[in-house]
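Step one of this worksheet: look at the structure below.
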Amino acid sequence: MLRSYEKLYTPQTAAMEHSFIRQILKVTRGVPGMISFAGGLPDPASFPKETLARLFHEVISETGDDVLQYGASEGDVKLKEALKNFEEVPWLPDDQLMITIGSTNGIYYYLRTLISPDDIIVCESPGFPGSIAAMQACGARMIGVEMDELGMRPDRLDETLRDLTRSSAPVKFLYLIPEFQNPSGRSMDLARRREILRTALRYDIPVLEDQPYRELRYSGVRIPTLWELARVEFGDDELVTIVKSFSKILGPGLRLGFAAGPEKIIEPMVKWAQKSTVSPDCITQRVTARFIGEGLMHPHIERIIELYRPKRDAMLETLSLLMPPGISWTEPEGGMFIWLTLPEEINTDRMFDLAIGEKVAFIPGSQFYPAGKKRYNEIRLNFSYPGIAEIREGIERLSALVRREIS
Ligand SMILES: Cc1ncc(COP(=O)(O)O)c(C=O)c1O
């Protein structure tokens with residue numbers, strides 16, 4: 001009898017764990033009176049429900065014969081056209097663009113294309129656990145590079161790459177979230193982006209740029225992506241592959257994103273898609289193409305910005321009013337997260353249980369460190385999901401707890 005499936009698992013399956021963050025979210029969900037800064041969810045008020053309902057109806061009734069069929073693995077040409085207009089890159093060849101099932105899916109195909117067990121990926125430390133877990137599940141060794149207020153430090157990146165080139169394992173790529181980073185909320189300025197690209201070029205290491213929050217900018221000026229900079233300033237259209245997502249704009253439930261990069265990367269990614277998902281959801285792709293085509297995207301994004309900016313401001317203001325001296329936090333220009341640093345002696349893994357007792361939840365910073373050196377005195381706070389009154393009340397609870405911990 002073949003009933004002991006555990007014995008049949010591949011080594012990767014046997015080693016895989018459930019996401020700790022998802023477990024935390026389970027503990028906090030549905031608890032009466034709980035204020036959660038733990039998740040990374042959009043506010044449902046940002047979902048364009050009525051417009052999407054109309055568009056789904058129209059797309060199925062007008063083009064059902066087409067969109068209910070199997071679709072192209074590389075994505076719908078109509079969505080590609082709309083996207084290229086929206087992203088202001090009408091010149092981009094279709095074979096350098098792939099539609100994916102959220103950006104997670106794009107990151108996964110990129111991994112499948114490049115990663116063999118024990119290959120090295122260099123990323124920010126702290127970084128996004130969702131991607132780090134996917135990378136580790138493919139057998140990659142993650143090497144984190146220290147950050148400062150402007151994201152990954154180029155001097156540390158240079159040192160890391162210099163050390164790694166002496167070792168036998170190949171560094172396959174750099175994984176970067178240069179804007180409103182998850183978890184820190186930090187963004188690279190233009191000079192930092194250039195420096196990071198120069199370093200990548202010097203070591204000839206490709207870059208995977210993850211940009212799910214780019215459209216959610218509440219202050220400051222828009223800066224070119226690494227993908228744009230590499231092409232325009234460095235004349236290199238092969239260095240960077242970018243993944244973007246509609247999750248934080250239209251809704252994560254739509255599961256729609258895209259990847260743009262050199263044909264030599266996009267083509268094998270599409271081959272991986274053929275073997276697993278066949279194609280993204282054809283209806284959702286066409287609905288999104290119409291959403292963009294009808295000129296709805298820019299005003300919709302403006303509305304989301306107007307929804308989230310006061311939430312960010314309320315969190316920053318309440319932190320300034322109530323947190324004791326010795327605590328610092330990032331002031332993100334966009335995105336969904338603020339990163340709080342407490343005195344070294346405070347362990348936020350331990351503080352988490354106390355916070356749950358006080359009915360306020362966060363994610364302890366230790367959860368965001370790739371394997372190796374972790375820090376335990378940090379916290380990620382989400383401000384997109386809770387309402388403004390909840391943000392003020394939750395920060396009040398958290399500040400009171402921090403004061404008690406410090407004394
Ligand atoms: C940095 C980062 N990358 C990727 C994702 C995954 O997004 P998607 O829903 O498009 O798969 C997230 C989601 O929170 C994220 O924060």
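Atoms within a ligand are numbered from 1 in the order they appear, just like the ligands themselves. All values derive from a computational prediction rather than experimental measurement.
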(request) Write out the residue and atom name of the closest protein heavy atom to atom 5 (C) of ligand 1, then the distance separating them to 0.1 Å. (result) F128 CE2, 3.7 Å
(message) Angle between ring planes, F383 versus Y218, binned at 30° and 60°: parallel, tilted or perpendicular?
(response) perpendicular
(message) Under a 3.5 Å distance rule, please check whether R193 uses its side chain to pair with a backbone N or O of M188 as donor and acceptor.
(response) yes
(request) Report the part of R255 in contact with ligand 1, treating N, CA, C, O as backbone and CB onward as side chain, heavy atoms under 4.0 Å; options are side chain, backbone, both, neither. (result) side chain
(message) Out of all atoms in ligand 1, which are within 4.0 Å of some heavy atom of I177? Include the element for each.
(response) 1 (C)
(request) Compute whether any side-chain donor of one residue and acceptor of the other, for N182 and R380, lie under 3.5 angstrom apart. (result) yes
(message) What protein heavy atom lies closest to atom 14 (O) of ligand 1? Include the residue and the distance to one decimal.
(response) K248 NZ, 3.0 Å
(request) Check ligand 1 against G102 and write out every atom of the ligand that is under 4.0 Å from a heavy-atom position of the residue. (result) 10 (O), 11 (O)
(request) Please state which part of Y213 comes within less than 4.0 Å of ligand 1, counting heavy atoms only: side chain, backbone, both or neither. (result) side chain
(message) Under 4.0 Å, heavy-atom basis, I'd like to know which part of S103 is in contact with ligand 1: side chain, backbone, both or neither.
(response) both
(request) Show which atoms of ligand 1 fall inside a sub-4.0 Å distance from at least one heavy-atom site of S245. (result) 8 (P), 10 (O)
(request) List every atom of ligand 1 that sits less than 4.0 Å from any heavy atom of P212, numbering the atoms from 1 in the order shown and giving each element. (result) 1 (C), 2 (C), 3 (N), 15 (C)
(message) Could you report the tightest heavy-atom contact between Q181 and F337, atom names first, then the distance?
(response) O-CD1, 4.5 Å
(request) For atom 9 (O) of ligand 1, find the nearest protein heavy atom and state the residue, atom name and distance (0.1 Å precision). (result) S247 OG, 2.6 Å
(request) Please report which non-hydrogen protein atom sits nearest to atom 3 (N) of ligand 1, along with the residue it belongs to and the distance in Å to one decimal place. (result) D210 OD2, 2.5 Å
(request) Please say whether more than 12 non-hydrogen atoms of neighbouring residues, nucleotides or ligands are located less than 6.0 Å from CG in D163. (result) yes
(message) Working to the nearest 0.5 angstrom, can you tell me the gap between L164 CG and R162 CZ?
(response) 11.0 Å
(request) Under the side-chain hydrogen bond (donor to acceptor under 3.5 Å, both in side chains) rule, what do T100 and Y108 come out as? Steps first, then yes or no, please. (result) CA-CA 10 Å; T100 59; Y108 187 69; over 6 Å; no
(request) Decide yes or no for F128 and F368: does some side-chain heavy atom of the first lie under 4.5 Å from some side-chain heavy atom of the second? (result) no
(message) S131 versus ligand 1: do any nitrogen or oxygen atoms come within less than 3.5 Å of each other?
(response) no
(request) Under 4.0 Å, heavy atoms only, figure out whether ligand 1 is touched by the backbone of T104, its side chain, both or neither. (result) both
(request) Measure the CZ-CE distance between F180 and M336 for me, rounded to the nearest 0.5 Å. (result) 11.5 Å
